[in-house]
Amino acid sequence: MMILQTLGNQARHGYSITRKILSESEGILNVEEGSLYPALHRMEKKNLVSSHWERSENNRKAKFYSITDEGRVHLSKRKTSWQRASAAVNLVMSGKTENKAS
Amino acid sequence: MNMFKRILHLFVRQDSQHRKEIEAELAFHLEQAQRDYEIKGYSIAQSREKAHQQFGDVQKIAIQCLHVNGISPLEKLIIVALVGCVFIGGFWFVSSSVQMPWEWKKVSPFEAVEWKQQRVNVSVDEKWYKLESINGYSLSQILSSSKRQYHEKWKKRFIEDIYEVLEGLDALTGMVVEVEMRTTEGVLEKKSLTMTTEKRAKTWLHVKLSEPESQRKYPHLLKVREYTQKNSSKEQG
């Protein structure tokens, strides 16, 4: 979901995706960067992203990924369900429902 | 065989192309990460180490990517097994429905042949006859031809490879031969007999069973056949 989100506005190569996730999460989501690639390849196979090779900002050949229409639909669905799930978890963790009941 | 090679080539080519792309992609990532660490002030060696540390096991990740893109080892195994089954099945089908070039001459019109001094007795429909002629060629003509063609092996060839003996004499018109035979009572009979592999196999077995036990080439097989033949004759009795 996060990968698709980073590709929402522009095509990016793998390294750029990891930098974007790291910066957007303010350095919290600092996971093993390599694990991104099998995920990207799986998404490409499912036609959620497409890829092409082009020159990067430092003139090196890199594989760039873009989100597909199918990917956008998928992202929108996942976002909705994530928002609902995280809201539910937040409710439980805040203890508001417990206070109301008592 | 050519088709098999082509399939293998397809697998290898597909794999190598994907592998190259994945390697290039991962190498690019590591280079970028290393460069960023260098900008932050780390030495080249430190930057490389940090980039690899942050990335994880490159080989493992490359293999994972390869499996996502390409055909997995299990799928390959299944495809190879299927192709193998098709080849084996095809070969079995062809070999069972079509006589192979080396097989089609292994035929005989008789179920057994026995040598009794200058006489040749043949078994047809489980009945013994004295052979007189085949397709108008007298027995002596056929035997002379066999001697000319096969020298010291003329008897064996006559019994086991009668098709080739008759072919050498130009006495064949097809797989059916006109045979003149005399019954044990001396009555001359003329029969049209089809030459088959089954009859030839019976002839071969009869010859082998007639050999002294010490000279038998396939003693175990023949003992089994002997045993089953005895049993079946007991049952019939």
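Proteins get letters first, then strands, A, B, ... in listed order; numbering begins at 1 in each.
In summary, of the residues considered (B:Leu166, B:Leu193, B:Val122), a side-chain contact (heavy atoms from CB on, under 4.5 Å) with B:Ile134 occurs for B:Leu166 alone.
Here the CD-CG distance, from B:Gln149 to B:Leu169, works out to 8.0 Å after rounding to the nearest 0.5 Å.
In this structure, a donor-acceptor pair under 3.5 Å is absent between the side chains of B:Tyr150 and B:Asp161. Side-chain contact of A:Ser51 with A:Glu44: a donor-acceptor pair under 3.5 Å is present, judged by distance alone. Between the side chains of B:Glu111 and B:His206, no donor-acceptor pair is found at a separation under 3.5 Å.
Comparing B:Gln54, B:Gln53, B:Lys60 by how many heavy-atom pairs each has under 4.5 Å with chain A, the most go to B:Gln54. Heavy-atom pairs under 4.5 Å with chain A peak, among B:Gly56, B:Ala62, B:Ala33, at B:Ala33.
For A:Ser35, the part lying near chain B is the backbone, with the side chain staying farther off; criterion is any non-hydrogen pair under 4.5 Å. Only the side chain of B:Glu31 comes within less than 4.5 Å of a heavy atom in chain A; its backbone stays farther off. With a threshold of 4.5 angstrom between heavy atoms, B:Leu26 approaches chain A through side-chain atoms but not through N, CA, C or O.
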